[in-house]
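Everything below concerns the one structure shown next.
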Amino acid sequence: MDVLYFAWVRERIGLPKERIETQAATVKELVAELTAREERYAVAFADVSALRVAVDQELTDFDASLDGVREVAFFPPMTGG
């Protein structure tokens, strides 16, 4: 699956996008896998309450299933102005 990172998440991880193989069943499990990889992921995902997630371009929560998913995107909440 493709994993996309936006804004300060991208800056902390150092990548805008990567293709990964995962055994994770949910977004929460995916975050745990990524966090265990390297310190930069641990820093980016230290406070998931400050993040939003979209699965196949649909805003969802961290309990969402990854069954059949092609894309997961992580980004901070957007503000209007």
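The shown structure was predicted, so the numbers you read here are calculated from the model rather than taken from an experiment.
Put simply, the side chain of T22 does not reach to within 4.5 Å of the side chain of V3, judged on heavy atoms. Within the 4.5 Å cutoff, side-chain heavy atoms of V53 are placed close to those of V72. A 4.5 Å side-chain heavy-atom check between L15 and R40 finds at least one atom pair inside the cut-off. R12 is not listed as a side-chain neighbour of F45, based on a closest heavy-atom distance of 4.5 Å or more. Between T26 and F62 the shortest side-chain heavy-atom distance does not fall below 4.5 Å. Annotation: side chain of L51 is not in contact with side chain of F6 (no heavy-atom distance under 4.5 Å).
V31 and V43 are not part of a single hydrophobic cluster, where members link through side-chain heavy atoms under 4.5 Å apart. Note on I13: it clusters hydrophobically with W8, by side-chain heavy-atom contacts below 4.5 Å among ILVMFWY residues. V69 and L59 are members of different hydrophobic clusters when ILVMFWY side chains are connected at heavy-atom separations under 4.5 Å.
To the nearest 0.5 Å, atoms CG (L4) and CZ (R19) are separated by 10.5 Å. D63 CG to E29 CD: the interatomic distance, rounded to the nearest 0.5 Å, is 10.0 Å. Here M1 contributes atom CE and I20 contributes atom CD1; the two are 6.0 Å apart, rounded to the nearest 0.5 Å. Within the model, atoms CG of L34 and CZ of F74 stand 6.5 Å from one another, a figure rounded to the nearest 0.5 Å.
Of all the heavy atoms in V55 and S65, the pair that sits closest is CG1-O, 4.4 Å. Y41 approaches E18 most closely through the heavy-atom pair OH-OE2, 2.8 Å. Nearest heavy-atom pair across P77 and A50 is CD-O, 3.2 Å.
In this structure, D67 places its CG atom where only 12 or fewer heavy-atom neighbours from other residues, nucleotides or ligands lie under 6.0 Å away. E38 CD: more than 12 foreign heavy atoms inside a 6.0 Å radius.
At least one donor-acceptor pair under 3.5 Å links the side chain of D56 to the backbone N or O of R70. Remark: the backbone N or O of A24 is paired with a side-chain donor or acceptor of E33 at under 3.5 angstrom.
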